[in-house]
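In this text the structure is predicted, and so the values were computed from the model without any measurement. When a residue number appears, it is its place in the shown sequence, counting from 1.
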Amino acid sequence: MKALPYLSLLAVLAASCASIGRPEGGPRDEDPPVFVSSTPAPGAVNVDARRLSVTFNENIQLEDAFNKVVASPPGKTPPTVRSNGRHMVVEFRDTLQPNTTYTIDFADAVKDLNEGNILDGFAIEFSTGPSIDTLRVSGMVLDARTLEPQQGMLVGIHSNLEDSALTTMPFARIARTNQLGQFTIRGLAPGTYRVYAVDDVNHDYKWDRSENLAFYDVAVGPSVETIAVSDTLRDASGEDSVVVREGIRYLPDDILLASFNEGYKPQYLADYARPERRRIDIRFAAPADSLAELTVVDGTPDSIRGRSWRSWALMHPNPGRDTLSYWITDPAVMASDSLRLALRYQKTDTTDALVWTADTLRFFFREPKKDKKKEAADTVAPVNDNLAVRLAGGSSQELNRPLLFDISEPLVSMDSAGVRVEILRDTVWTPVADASAMRPDSLQPLLRRVFDLVWEPGGKYRLAIDSAAMLSVYGEHNKAVAQEFTVKTRDDYSNLLFRIEGLDGRPAQVQLLNSGDDAVYTADVAPGESSAEFAFVAPGTYFARLFIDSNMNGEWDPGNFAAGIQPEETCYYSKKIELKKNWDVDQTWDIYEAPLDMQKPYAIKKNKPKLKRGERAPDDDGSGEFDAGNEQYNPFGGSGGGNNRRGSGASRPGLKQNSGNMLARPRRR
């Protein structure tokens, strides 16, 4: 009988050994780390320590803590942040200010070690004095032009309401935006503040003109109100009940900041080169506002010295006007292997003013080594026909656009009769235009030519250029050209009409966008009008953006802080648009039907927030529409998306379901 316990123990061990294997895990951990305690504790007063220790309920990791974690008010040196297991330590390297409320804002830097679940919006406040300031302001930062949530921007406040405070003083209190562009500035005392957001590249807690900026037009006074909060509780029987309790709400909590860049670039000489014997390139850091002067200082022979570029070159600016190409036409200048040129141009000085300055530049060129064997085998004299001509549009010509063709070198002469556009009629090529109908392209006048013609839909055409009809500045002729192309028919296109609501007579421009959020078609809306029509649109999938063209210059304009001008307002159509051949689409668009932060279709968003496991993207059903029930994308809670307030303080209506009043029909023949 004494052996029975021993045998029972063996049986238990055997059963255990038989079940050795990979244990079945429970459900995936989808919860972020939970704060357990800290020293000093949240809300502590009379703190004199320069170290904050935080404990969580599980092992954590920090992501980009140097940029994401901020201490407010900011010091000269940012604190160091490190983690080990379930613990995190923040050490201040500056002496803490007396009688001051400090906030350590971790944004979305804290996540659990195993699953990477983010603890978003985590912050701890304490005071070095006997009381603590508890007011807050919250909101969101969006890119003004693309409505992309701006992640990691520094949002700050100034109690000094003068504009100069933004550029001369560090922010009084700060926070970082999270992956949705949201921010909360904590630890505020009662008072009046200006709110800004900057892309603080140099970490000086101020704005430099080259950095991105957003500013709120009106000063804000933080406050708090009592609200009723509903909680759902479940009893032992599984029945749900709603309990209403008292809560607090910090205001304002819906500030919408529109981020932009003024486009300021200091002007200076960025680079220069002589990529080939007959061309010199000079590149500036910003588009040139005035024409640079280029003069020969030294070269061979002596006769070229002191001569301005106007006597020995043709100048060709690139479309961006920041690069000037000088095509050397004088044989003596071209033959000189070494050129020393004096460049006189405008440069930005230390006061941001443009002043004339001069540099001396050296250009060298060495001919590449020649292949002697190939040269010896070449007994036929070379033909001087290296001038290349190429159709810019290829073999298919748009029905509503001019014919473009490129030439490889600037021209000195052209035989008008030798350059023709011809149409094929009954197997015979018939001229419809010659060089007299041709003009230089406005953006590339030296190297591109344009034919403005009324095309016959579906017609077969060709660009015919006789041999040697063109002569370049380097004495080179063209070979004979006969490039055929076909003009599209009306049935190859779709037409789109937007009937726009909410403009209130303001001028606007509507852009059709591709999947990369790039404009491919534009249509202007004149003052007092309310529709935008797109004709001759290639079939495909598009998206739409509108901006209020306040100055009617046909371009979206950023803001100007010194002048107190906000960037031109942008709106997105919340659906994707499918256009088919030979179809007309008639669409109503209420530009304020959804708040700005929910207008841009998820499919073309670049700063997409990370989805939780099992969570559906807003338009992954292919509709291109925002999922109003997905509250992860609602930054201010509730189903309405909040009444986000832009810089002027004007409210925007909450999120509504799109009425879907799109009418698409085949075009009648």
According to the interplanar angle, ranging from 0 to 90°, do the rings of Tyr461 and Phe485 count as parallel (below 30°), tilted (30 to 60°) or perpendicular (above 60°)? parallel

Can you tell me how far [atom2] of [Y] sits from [atom1] of [X], rounded to the nearest 0.5 angstrom?
X      : Y      : atom1 : atom2 : value
Leu471 : Leu411 : CG    : CG    : 8.0 Å
Gln566 : Phe260 : CD    : CZ    : 6.5 Å
Phe561 : Phe215 : CZ    : CZ    : 6.5 Å

Evaluation steps, salt bridge (charged side-chain N to carboxylate O under 4.0 Å, His left out), between Asp108 and Arg176: CA-CA 9 Å; Asp108 53 5; Arg176 288 274 184 196; over 6 Å; no

Using atom types as modelled and distance alone, determine if a side-chain donor or acceptor of [X] lies under 3.5 Å from a backbone N or O of [Y].
X      : Y      : answer
Asn261 : Ser210 : yes
Gln509 : Gly554 : yes
Glu501 : Asp590 : no

Please tell me whether [X] and [Y] have a donor and an acceptor in their side chains that are separated by less than 3.5 angstrom.
X      : Y      : result
Glu578 : Thr541 : yes
Asp434 : Ser436 : yes
Asp281 : Ser325 : yes

Taking the side chain as every heavy atom from C-beta outward, state whether Trp556 and Pro567 have any atom pair closer than 4.5 Å.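 Trp556 reaches Pro567 side chain to side chain.
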
Can you list every salt bridge (Lys or Arg N to Asp or Glu O under 4.0 Å) pair that touches residues 545-561, not counting sequence neighbours?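 Pairs touching residues 545-561 that pass the test: Asp517-Arg545.
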
Give me each pair satisfying salt bridge (Lys or Arg N to Asp or Glu O under 4.0 Å) with a member in residues 389-408, each pair once, sequence neighbours excluded.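 Counting only pairs at least two positions apart or across chains, the salt bridge (Lys or Arg N to Asp or Glu O under 4.0 Å) contacts touching residues 389-408 are Arg390-Asp406, Glu398-Lys488, Asp406-Arg448.
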
Residues Lys581, Asp492; criterion salt bridge (charged side-chain N to carboxylate O under 4.0 Å, His left out); working and verdict: CA-CA 5 Å; Lys581 282 187 177 183; Asp492 290 324; 3.8 Å; yes

Shortest non-hydrogen pair, Val389 vs Phe405, comes out as CG1-CD1, 3.6 Å

Mind listing the closest non-hydrogen atom pair of Pro440 and Pro445 along with its distance?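 Between these two residues, the closest heavy atoms are CB-O, 3.7 Å.
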
